Amino acid sequence: MNAQGHPLNKIDPSGLYQSDIHYYMTFFLAMAAGVSYEDARTIALATQYVDNNPLTQPIDVDQYGNEQYIKSIFDNQQRLKDYHFTLSDSSTGKTADAYKNSTVANPDSPQLQNLLAASNKVPTSCGQLQFFGEYLHAFEDTFSHRNPDNIPFDAVWTAPILGTQFGIGHGLYDSNPDYTWDVQNGCGVAGCYNWNNNAARTLEMEKEVFEKLKAYGDPGKAQDWKDVQKVAEAFNAIQEREKDSKNFEEKFKKLNQTLAAWGYQAMKTDGSKRAIDLFTDDQYKESLGETKRNQNLCDKDGKRLKQDDYPGTILPTTECTK
């Protein structure tokens with residue numbers, strides 16, 4: 001999901017970990033934390049779908065699926081503030097003074113608290129998982145949305161005099177902040193933009209997400225972090241660039257093999273079990289992420305949740321579906 005070609009197209013307002021983290025690693029960490037297969041899938045789908053949902057995605061997409069980078073920076077400001085750069089002030093879009101430092105561990109902000117509060121408040125278990133997955137997306141992004149020195153990026157750039165906000169995020173740095181390994185010569189020139197903190201901050205994120213997911217899991221089925229860490233480090237070291245890279249499949253393979261070795265399986269609709277396969281049955285499916293969000297964000301009576309009751313979120317406006 002990188003902007004390519006003309007220099008103007010190098011403005012990539014995506015500002016996000018790629019699906020290797022938001023879906024695949026989140027799913028793996030949930031399973032390793034003892035979360036049931038179905039709940040792990042729901043959480044991971046919610047975490048990734050934030051980047052594909054027209055209401056929350058950082059980049060606009062046309063009817064043919066083409067990403068509209070330039071158009072996006074004129075209308076994505078609120079989406080970036082709410083879900084992708086939550087250390088930024090909700091009004092100015094600039095990183096709040098309290099977070100304008102290189103401290104990576106234990107991120108928090110009023111907007112992260114909003115997203116987590118939604119998960120705690122919603123009256124249904126499926127809604128809780130949905131909102132928690134969306135909170136995890138924003139939480140995970142606080143680790144990657146930093147410059148080479150670990151200083152958070154602002155959600156927006158404000159034009160002098162005019163005061164107009166443009167949702168650029170870390171777009172001028174392409175996807176280099178998002179990679180799970182330390183990128184050298186990130187701008188294509190020797191010695192330019194060496195991202196030497198990517199691996200360390202990604203691992204810290206994975207540890208903290210794992211600990212949060214344990215609250216939803218069975219302690220008797222959870223792994224020790226020291227064992228999970230070994231897998232995460234090997235996963236992070238694989239230098240993939242989304243699906244245009246053969247190495248992306250190597251990340252899948254690593255997770256598949258580990259989940260099988262630890263005895264985790266998927267549950268079929270008939271109650272029987274099967275092997276987890278991130279290449280096929282358990283891969284990320286945008287359509288399923290959409291369906292689950294529309295179903296999960298309803299109350300116990302099947303009515304759409306009210307936006308005013310969940311500040312900081314962006315809820316569907318369509319009627320609930322079964």
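Keep in mind that what you see is a predicted model, and the values were worked out from it rather than measured.
Looking at heavy atoms from C-beta onward, L116 lies out of side-chain contact with Q113 at the 4.5 angstrom threshold. Taking the side chain as every heavy atom from C-beta outward, F248 and S19 approach each other to under 4.5 Å. At least one side-chain heavy atom of P152 sits less than 4.5 Å from a side-chain heavy atom of R146. The shortest distance between side-chain heavy atoms of Q111 and S90 does not fall below 4.5 Å. Between M205 and V104 the shortest side-chain heavy-atom distance does not fall below 4.5 Å.
Sequence neighbours left out, the pairs with a member in residues 284-317 that pass disulfide (SG to SG under 2.5 Å) are C298-C320. Each disulfide (SG to SG under 2.5 Å) pair with one or both residues in residues 89-168, not counting sequence neighbours, would appear here, but there are none. For residues 210-221, every residue pair satisfying the salt bridge (Lys or Arg N to Asp or Glu O under 4.0 Å) rule, not counting sequence neighbours, is listed here: E211-K214. Screening residues 254-270 for salt bridge (Lys or Arg N to Asp or Glu O under 4.0 Å) gives no qualifying pairs among residues at least two apart or on separate chains. For residues 285-299, the pairs satisfying salt bridge (Lys or Arg N to Asp or Glu O under 4.0 Å) are E134-R293, with sequence neighbours left out. For residues 69-83, every residue pair satisfying the salt bridge (Lys or Arg N to Asp or Glu O under 4.0 Å) rule, not counting sequence neighbours, is listed here: D60-K71, D60-R79, K71-D75, D75-R79. The ring-ring contact (aromatic ring centres under 6.0 Å, His included) analysis of residues 90-122, with sequence neighbours excluded, yields no pairs.
Between V228 and Q223, the shortest heavy-atom distance links the atoms CG2-CB, 3.8 Å. Closest heavy-atom contact between H22 and D141: NE2-OD1, 3.0 Å. In terms of heavy atoms, L305 sits closest to L315 at O-CD1, 3.7 Å. A pairwise comparison of heavy atoms in D182 and A199 identifies OD1-N, 2.9 Å as the closest pair. Taking all atoms of both residues into account, the shortest heavy-atom contact from H145 to D178 is CD2-OD1, 4.2 Å. Nearest heavy-atom pair across F153 and S88 is O-OG, 3.9 Å.
Note that OH of Y284 is 13.5 Å distant from CG of D20, once rounded to the nearest 0.5 Å. Separation of atoms NZ (K121) and CG (N114) is listed at 11.0 Å; rounding is to 0.5 Å. Note that OG1 of T202 is 10.0 Å distant from CH2 of W181, once rounded to the nearest 0.5 Å. Here the CG atom belonging to D277 is positioned 3.0 Å from the OG1 atom belonging to T280, to the nearest 0.5 angstrom. Atom-to-atom distance recorded for K230:NZ and D224:CG is 10.0 Å, nearest 0.5 angstrom. Atoms CD and OH, on Q283 and Y23 in that order, are 8.0 Å from each other to the nearest 0.5 Å.
Residues satisfying the ring pair (Phe, Tyr, Trp, His ring centres under 6.0 Å) criterion with F28, sequence neighbours excluded, are W262. Remark: F131 pairs with Y310 by the ring pair (Phe, Tyr, Trp, His ring centres under 6.0 Å) rule, at least two apart or across chains. With sequence neighbours left out, F279 forms a ring pair (Phe, Tyr, Trp, His ring centres under 6.0 Å) with F252. For the ring pair (Phe, Tyr, Trp, His ring centres under 6.0 Å) test, no residue two or more places apart in sequence or in another chain qualifies with Y264.
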Result block: side-chain N/O donor-acceptor pairs under 3.5 angstrom for residues 31-38, not counting sequence neighbours:
residue: S36; atom: OG; partner: D39; partner atom: N; Å: 3.3
residue: S36; atom: OG; partner: D39; partner atom: OD2; Å: 3.4
residue: Y37; atom: OH; partner: R274; partner atom: NH2; Å: 3.3
residue: Y37; atom: OH; partner: D282; partner atom: OD1; Å: 2.4

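Remark: side-chain polar atoms of T47 are paired, donor with acceptor, to backbone N or O of G133 under 3.5 angstrom. Looking only at distances, no side-chain donor or acceptor of Q77 sits under 3.5 Å from a matching main-chain atom of G93. Side-chain N or O atoms of H84 include one that pairs as donor or acceptor with a backbone N or O of T56 at under 3.5 Å. The backbone N or O of Q128 sits less than 3.5 Å from a side-chain atom of S119, completing a donor-acceptor pair. A donor-acceptor pair is defined here as one N or O able to donate and one able to accept, closer than 3.5 Å; no such pair exists between the side chain of T86 and the backbone of L112. Between the side chain of Q165 and the backbone N or O of T92, at least one donor-acceptor pair lies under 3.5 Å.
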(request) Could you walk me through whether F27 and L278 pass side chain to side chain contact (heavy atoms under 4.5 Å, CB included), step by step? (result) CA-CA 10 Å; F27 173 78; L278 297 173; 3.9 Å; yes
(request) Take I21 and T180 through the side chain to side chain contact (heavy atoms under 4.5 Å, CB included) test and state the conclusion after the steps. (result) CA-CA 8 Å; I21 289 292; T180 59; 3.8 Å; yes
(request) Mind running side chain to side chain contact (heavy atoms under 4.5 Å, CB included) on E240 and E250 for me, showing each step along the way? (result) CA-CA 9 Å; E240 57 76 31; E250 292 300 316; over 6 Å; no
(request) Evaluate the criterion side chain to side chain contact (heavy atoms under 4.5 Å, CB included) for residue pair V209 and L213; output intermediate values, then yes/no. (result) CA-CA 6 Å; V209 169; L213 285 164; 3.6 Å; yes
(message) Run K94 and D89 through salt bridge (charged side-chain N to carboxylate O under 4.0 Å, His left out) and show every step you take.
(response) CA-CA 5 Å; K94 301 295 184 183; D89 181 85; over 6 Å; no
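Judged purely by distance below 3.5 Å, without hydrogens or angles, the side chains of T95 and D154 pair a donor atom with an acceptor atom. Side-chain contact of Y83 with N53: a donor-acceptor pair under 3.5 Å is absent, judged by distance alone. The closest side-chain donor-acceptor pair between N147 and H170, if any, does not fall under 3.5 angstrom. Side-chain N/O atoms of E206 and N236 include a donor and acceptor closer than 3.5 Å. Between H137 and Q48, the side chains place no donor N or O within less than 3.5 Å of an acceptor N or O (distance only, hydrogens not considered). Side-chain contact of Q184 with N196: a donor-acceptor pair under 3.5 Å is present, judged by distance alone. Looking only at atom types and distance, the side chain of Q307 has a donor-acceptor partner in the side chain of T313 under 3.5 Å away. Side-chain atoms of E140 and T26 include a donor-acceptor pair closer than 3.5 Å.
Hydrophobic cluster membership differs between Y135 and L87, with clusters built from Ile, Leu, Val, Met, Phe, Trp and Tyr side chains linked at under 4.5 angstrom.
In this structure, D308 places its CG atom where only 12 or fewer heavy-atom neighbours from other residues, nucleotides or ligands lie under 6.0 Å away. Under a cut-off of 6.0 angstrom, the local environment of NZ in K273 is sparse, with at most 12 non-hydrogen atoms contributed by other residues, nucleotides or ligands.
Of the charged side-chain nitrogens involved, none lies within less than 4.0 Å of a carboxylate oxygen, so that E204 and K207 do not count as a salt-bridged pair.
Between W225 and F210, the gap from one ring centroid to the other is short of 6.0 Å.
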